[in-house]
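Along the sequence shown, residues carry numbers from 1.
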Amino acid sequence: MSRSKELFAEARRYIPGGVNSPVRAFRGVGGEPFFVERAKGCKVWDVDGRELIDYVGTWGPAILGHAPQVVLDAIAGAAKNGVSFGIPNPSEVEMARTICEWVPSIEKVRMVNSGTEATMSCIRLARGFTGRGKIVKFNGCYHGHVDSLLVKAGSGALTHGHPDSAGVPAELAALTLTLEYNDADALRAVFAQQGRDIAAVIVEAVPANAGLFFPKPGFYELLWKLCAEYGTLVIFDEVMTGFRLARGGYQSLIGLKPDLTALGKVIGGGLPVGAFGGRREVMDQLSPDGPVYQAGTLSGNPLALAAGLAQLRELDRLNGWARLEELGAAFEATVRAGLKRAGRDYNFRRIGSMFCTYFMSGEIWNLTDAQHSDKAAFGRFFHACLERGVYFAPSQFEAGFISLAHSVEDIEKTGEIAVAALAAH
Ligand SMILES: *Cc1c(COP(=O)(O)O)cnc(C)c1O
């Protein structure tokens, strides 16, 4: 029996489902997860000694690749001075200033420990600021496991076929209005009927938890216009896209300023970090200045901020976003050529270093479209790649990530393996 198999059997005795986050259990693709021993650059090694080229990158944070030296040094350096203070420390000021300088809409920011905490805090703040209760979200957008937002939420929830979680009171879910992404008419209608009761619209900057789909031209402009008209806040969830697609996030690419932005993943350099920020007037409603309570024992943790700052500085120093676009383009060319060779008309999409291959042809603008993909075929492809040394995310509905540690040779090798996997599945 492999070491991974043994560990998973034991894990299931002590951990629900054997995992600490559901998608890791491979339910979306069948089979059992492998256990990792070590990760470096674009590779991970499992406990049975297998080497894999990794396109998950710890679900987004590893934008420089795994265990980059600058981040390791920063953590070791910070640890010499202590691992947690719970007292204001200088790196908090530096992180906050960096975020405010880089992200156009953010005037003040608060650090938290995960993307979930960031979106949860945005929702409470928007409700506190507006004095309203209702929230609009889009089907297939995942914003972490916040009660109000676990309604038609994407990725893990989708793969498991439970779009709504047990344990979320119907009374609370009733305050979350869900719309199909890119449906301008539905958006207009919901504002016409209930606009004055809507505290905020929350949206993933680029929806990437139900595969990867993009806003139609004019959709965000309409969203911003309606929110301004009705005094509703726009919460832009850039937990995945922030610092990955551009220095200033996706918002800097489209030239729109949300009221609030949620950040996570890349910002922590692989340590548990999130942040939320936005308009000064809204952020000043937070405790201790304002009436909206929000707190965290480990928020602004010195190790986490040292790792995050080191990663952000390195990205900036290398102009990593331009290089990631080049690598992304090389990856796209390889995949498109591979799909052609394999005779498949699957829908490949990419923005910068994020990508998804939907196992279907045709247009995809929302969750309903995305659900036509052939999930069983994806599962077979996933395992055929894994056997050959490439690790893609174990779900059709997850985006893949390229890092600065992927070389063109790694990408070409991936292309060969993917073609072989397509032929085999
Ligand atoms: C991952 C993710 C979250 C949740 O972040 P966690 O750190 O897992 O809590 C929220 N929103 C988006 C868009 C994400 O991709």
Side-chain angles (χ1 to χ4, degrees), residues 28 119 122-123 126 134-165 168 170 172-195 197-230 232-241 250 254 256 258 262 347 349 351 354 356 358-375 395-399:
T119 59
C122 286
I123 297 290
K134 287 185 180 163
I135 298 293
V136 170
K137 81 174 283 290
F138 296 96
N139 300 344
C141 282
Y142 177 68
H143 305 291
H145 65 101
V146 181
D147 278 356
S148 298
L149 300 175
L150 268 185
V151 182
K152 306 210 172 157
S155 69
L158 260 188
T159 305
H160 292 154
H162 301 296
D164 302 320
S165 172
V168 176
L172 193 61
L175 294 175
T176 304
L177 312 172
T178 59
L179 303 178
E180 199 80 276
Y181 187 77
N182 273 323
D183 188 342
D185 290 339
L187 191 61
R188 280 194 204 91
V190 80
F191 270 96
Q193 289 155 14
Q194 314 188 51
D197 299 327
I198 301 172
V201 176
I202 185 167
V203 63
E204 270 189 71
V206 179
N209 280 288
L212 185 62
F213 40 79
F214 302 114
K216 281 186 178 167
F219 183 64
Y220 281 162
E221 285 75 7
L222 175 70
L223 172 55
W224 256 253
K225 181 173 146 304
L226 287 167
C227 285
E229 201 175 315
Y230 285 87
T232 297
L233 301 190
V234 177
I235 302 172
F236 223 33
D237 183 346
E238 295 229 41
V239 170
M240 199 185 284
T241 53
Y250 185 67
I254 58 172
L256 290 169
N347 193 328
R349 36 248 334 273
I351 177 165
M354 296 165 59
C356 175
Y358 283 109
F359 278 49
M360 60 179 280
S361 56
E363 304 250 304
I364 301 157
W365 291 107
N366 56 40
L367 177 61
T368 305
D369 294 343
Q371 277 172 326
H372 292 122
S373 68
D374 185 341
K375 293 174 271 301
S395 163
Q396 165 73 99
F397 298 112
E398 298 286 350

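Two residues are said to be in side-chain contact when any heavy atoms from C-beta on lie closer than 4.5 Å; Ile235 and Asp237 fail this criterion. Looking only at side-chain heavy atoms (C-beta outward), Phe397 and Cys356 stay at 4.5 Å or farther from each other.
A distance of 11.5 Å separates CD1 of Ile202 from CG of Leu233, quoted to the nearest 0.5 Å. Between Glu398 atom CD and Met354 atom CE the span is 10.5 Å, to the nearest 0.5 Å. We find the CG-CG distance between Leu223 and Leu187 to be 5.5 Å, quoted to the nearest 0.5 Å. The CZ atom of Phe213 sits 6.5 Å away from the CG atom of Asn366 when rounded to the nearest 0.5 Å. Taken to the nearest 0.5 Å, the CG atom of Leu149 stands 9.0 Å off from the CG atom of Leu172. With rounding to the nearest 0.5 Å, the separation of CG in Leu179 from CG in Leu367 is 12.5 Å.
Side chain of Thr176 to main chain of Ser148: a donor-acceptor pair is present (N/O by atom type, distance under 3.5 Å, no hydrogens or angles). Proximity of a side-chain donor or acceptor of Glu238 to a complementary backbone N or O of Ala205 within less than 3.5 Å is not detected. In this structure, the side chain of Tyr358 engages the main chain of Leu212 through a donor-acceptor pair within 3.5 Å. Under the 3.5 Å distance criterion, the side-chain polar atoms of Thr119 are matched with a main-chain donor or acceptor of His143. With hydrogens and angles disregarded, no donor-acceptor distance shorter than 3.5 Å links the side chain of Asn347 to the backbone of Met360. For the pair Asp147 (side chain) and Ala173 (backbone), a donor-acceptor distance under 3.5 Å is absent. Looking at Glu204, its side chain does come within 3.5 Å of a backbone N or O of Tyr142 through a donor-acceptor pair.
When all heavy atoms are compared, the tightest approach of Thr232 to Ile198 is OG1-O, 2.9 Å. Of all heavy-atom pairs spanning Val234 and Pro258, the tightest one is O-CB, 3.8 Å. The minimum heavy-atom distance linking Ala184 with Leu222 is given by the pair CB-CD2, 3.6 Å. Taking every heavy atom of both residues into account, Ala126 and Ala199 meet most closely at O-CB, 3.9 Å.
Checked against a 6.0 Å centroid threshold, the rings of Phe236 and Tyr220 count as neighbours. Remark: aromatic rings of Phe138 and Phe219 are close, center separation under 6.0 Å.
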Practice problem: Start with the C-alpha distance between Tyr230 and Val201, add both sets of side-chain angles, then the distance that settles side chain to side chain contact (heavy atoms under 4.5 Å, CB included), and finish with yes or no. | Solution: CA-CA 11 Å; Tyr230 285 87; Val201 176; over 6 Å; no

